[in-house]
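One structure is given here, and the rest of the page talks about it.
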Protein chains: 2
Amino acid sequence: MRTTIYDVAKKAEVSMSTVSMVMNNKGSISDATRKKVMKVLEELQFTSSRSSIVLKKRSAYTVGLLIPNLENPLFVEIARNVCQRGHELGLSVVICNTENDAEKEVQYITRLKEKNLDGLILAGGFENDAILQEVVGEGLPIVLIGQNIPSLGVDSVHVDDCLGGYQVTEHFLSLGHQTIAVFAENTRSSKERLHGYRQAIKDAGLEYNESLVFVCDSTVSSKQLAKQILGLINRPTAIFACNDLLAVGIMQGAKERGLRVPHDLSIIGFDNTILSRSIDPPLTSVDQPIEEMGRQGIDLLIERIEGKEKTKRQVILFPKVIFRNSTKTHPI
Amino acid sequence: MRTTIYDVAKKAEVSMSTVSMVMNNKGSISDATRKKVMKVLEELQFTSSRSSIVLKKRSAYTVGLLIPNLENPLFVEIARNVCQRGHELGLSVVICNTENDAEKEVQYITRLKEKNLDGLILAGGFENDAILQEVVGEGLPIVLIGQNIPSLGVDSVHVDDCLGGYQVTEHFLSLGHQTIAVFAENTRSSKERLHGYRQAIKDAGLEYNESLVFVCDSTVSSKQLAKQILGLINRPTAIFACNDLLAVGIMQGAKERGLRVPHDLSIIGFDNTILSRSIDPPLTSVDQPIEEMGRQGIDLLIERIEGKEKTKRQVILFPKVIFRNSTKTHPI
DNA sequence: GTGAAAGCGCTAACAA
DNA sequence: TTGTTAGCGCTTTCAC
């Protein structure tokens, strides 16, 4: 049978409440008693049962982290940082890999609620917006990492995706590229990046050409797609991939077409993940300050949980293009 | 205030115990009562509080998954599959990223124990063997994934690392390579792989040369090391990297030395992660059946939790070399 | 077939 | 400063 606070009390010859107070640094306890209790606590290697505390306090010191896809190193990195920061602050972080499945999203949220979780962090896309709305309605604190859903009215921390897209496009343009394709996912952040692209194109006095925008959803499909469009007569000379995963696929597709990067084709990715550093040639990619995002995400959430904040806050971080060797001047 | 089983009981005009029995399919309930209760359950969208169940039953339907390093896609993949299988079976899986830190290992395990966890899965290395021994002594079910620690006497599921190392080396030898270096981590599985290498070298009638074995621990250090040893006069013509992460570093080091893979240097990795498919040239790597490992890991653990099994079991899976383009015949 | 009641391990209000 | 006690929400005997 598990050791309980009662066993400690008995051994230390005090009451349960005294032990509880010692453990939680509450009330006023005489030094002698405190020492006595501490000693027994140590001897018995006592750690209290979480579930009874949760039951009593109606708080599990737990936050759920919903991730759409652990295949993308970006999300792994976000998870790592959120867990890290949570751990520092004594919070449990439960990682839930929803795999972009609306069904799973509901299941995970339901399960988390059963556990009396204190808040939710959503990293990346979410399929089932209705349930989110419901959760928000119930007053459960939520923080968005890596995106903003204006209609939801919750805190968020993300880079200025639009600016990132703008910078990428601007760079391509400065290299003389005119036919710049975009590979985007069907997510809010991709749309923002695309928006930046469009803006840059317009600002350069060029025509925005929708047929250069391709929506796809994984390494595999971006590879197929890239292979296909790179076979066109008037093929793009530069491609902006809205994340590194897509960029990897594009590179593979280009290779199968016999095109060399960056000589025949320039590519820029987004997220600056380990992938951009592993592939050959190293991929120019837009960095998101993930550590900062993880830290701020948790911190925002905690303030919200503690009820300090009532207004909606948005932390917008700056993207930064990390130049590597996947782009080149376009021979005019 | 949260809806409780008592609210359900009141609304359905039955007792709490009846509701409980309906929810858990226990006892004998008349069809009429069952329907009545089900209806209210549905109306109230009732889900029961986990913590009270845990408190009462002393089981949280939770298993902890200790991962040494989320930077390695292998572990991410393992986590994904373990979570997946756990979810299917209604178990919560708590991912704990210990970052190879003995301190964190203890913290996580302590915290998990407070939560009444039912079992522990260890994927990959573990720094603090003493605490493991302690946990085993307490009777907490443990399963090892991707390694075996014979002294611990617990269930495990892993590939035949020795065989994998043997196959890799055999392949290099068949291509005519004689000077084959090994980059290993300081882990049990690396040691097994190295053991296979040694065996293959010996079986080929060659001398085992310890100075060709290098221990390192990340992409960065393998890159530095590779750069260094590839500058030697009598440099290796083939390198066996005990995981893909190391292989990536080696490739980068080789590149900085001006060596082309596979033309000037053959490389084989281990784990067949996404990295081996992303880099250029695609890396020949030894596949571990991760999905199988995740599934079997959870399943072994559950049987153990349910007390069905008493004997130690070891599931040994077969590694499989996936040939890509990172090796080439050695010009004699 | 159903309900009453005890109790899982803890916290916090109130007494002493 | 310390102890007593009433629950938190549920499961599970044991009566009926």
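Just so it is clear, the values below take in all heavy atoms, side chains as well, and ignore hydrogens, waters and symmetry mates.
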Interatomic distance, A/I29 CD1 vs C/dT11 P [rounded to whole Å]:
13 Å
Taking A/D155 for its side chain and A/R313 for its backbone only, find out whether a donor-acceptor pair lies under 3.5 Å.
yes
Between C/dT11 atom C1' and A/Y61 atom OH, what is the distance in whole Å?
10 Å
If you define the side chain from C-beta out and look only at heavy atoms, does anything of A/V94 sit under 4.5 Å from A/L65?
no
Any carboxylate oxygen within less than 4.0 angstrom of a Lys/Arg side-chain nitrogen, looking at B/R295 and B/D299?
yes
5'-most contact on DNA chain C: A/Y6 or B/D31, nearest heavy atom basis?
B/D31
So, is A/R58 near the phosphate of D/dG9, with a side-chain N or O under 4.0 Å from OP1 or OP2?
yes
Using residues 123-133 of chain B as the side-chain source, report each donor-acceptor pair under 3.5 Å to any protein atom, sequence neighbours left out, with the distance given to one decimal.
| residue | atom | partner | partner atom | Å |
| --- | --- | --- | --- | --- |
| B/N128 | OD1 | B/A130 | N | 3.3 |
| B/N128 | OD1 | B/I131 | N | 3.2 |
| B/D129 | OD2 | B/R188 | NH2 | 2.8 |

In whole angstrom, give the distance that lies between atom NZ of A/K115 and atom C1' of D/dG9.
17 Å
Could you check whether any side-chain N or O of B/N72 sits under 3.5 Å from a backbone N or O of B/L74, counting only pairs where one atom can act as donor and the other as acceptor?
yes
So B/S30, base contact, sugar-phosphate only, or nothing? Heavy-atom distance under 4.0 Å.
sugar-phosphate
Ordered by number, residues from residues 32-56 of chain A within less than 4.0 Å of DNA chain D (heavy atoms) are A/T33, A/L55, A/K56
Minimum-distance pair of heavy atoms, taken over all atoms of A/P141 and A/I305
CG-CG1, 3.9 Å
Roughly how far, to the nearest 0.5 Å, is the CZ atom of B/F75 from the OG1 atom of B/T98?
9.0 Å
Kindly list each side-chain donor-acceptor pair under 3.5 angstrom involving residues 26-35 of chain B, sequence neighbours excluded, with atom names and distances?
| residue | atom | partner | partner atom | Å |
| --- | --- | --- | --- | --- |
| B/S30 | OG | B/T33 | N | 3.2 |
| B/S30 | OG | B/T33 | OG1 | 2.6 |

Tell me the bend of the helix from C/dG1-D/dC16 to C/dA16-D/dT1 as the angle between end helix axes, each from five pairs, rounded to the nearest 10 degrees.
40°
Establish, with yes or no, whether the OP1 or OP2 oxygen of D/dC8 is under 4.0 angstrom from a side-chain nitrogen or oxygen of A/K57.
no
Does any residue of residues 9-23 of chain B have a heavy atom under 4.0 Å from DNA chain D, and if so, which ones, in number order?
B/M16, B/S17, B/S20
If the threshold is 4.0 Å, N to carboxylate O, is there a salt bridge linking A/E77 and A/R80?
yes
Rounded to whole Å, CG of B/N24 lies from P of D/dG9 at a distance of 17 Å
Counterpart residues, side-chain hydrogen bond (donor to acceptor under 3.5 Å, both in side chains), relative to A/N81 (two or more places apart)
none
Figure out the CD1/C1' separation between A/I5 and C/dT11, and round it to whole Å.
8 Å
Applying side chain to side chain donor-acceptor pair (under 3.5 Å), run through B/K115 and A/S92 and close with a yes or a no.
CA-CA 11 Å; B/K115 289 187 178 172; A/S92 298; 2.9 Å; yes
Taken to the nearest whole Å, CZ/A/R2 to C1'/C/dC8 is 11 Å
In this structure, how many angstroms lie between the C1' atom of C/dG9 and the CD atom of B/E114, rounded?
13 Å
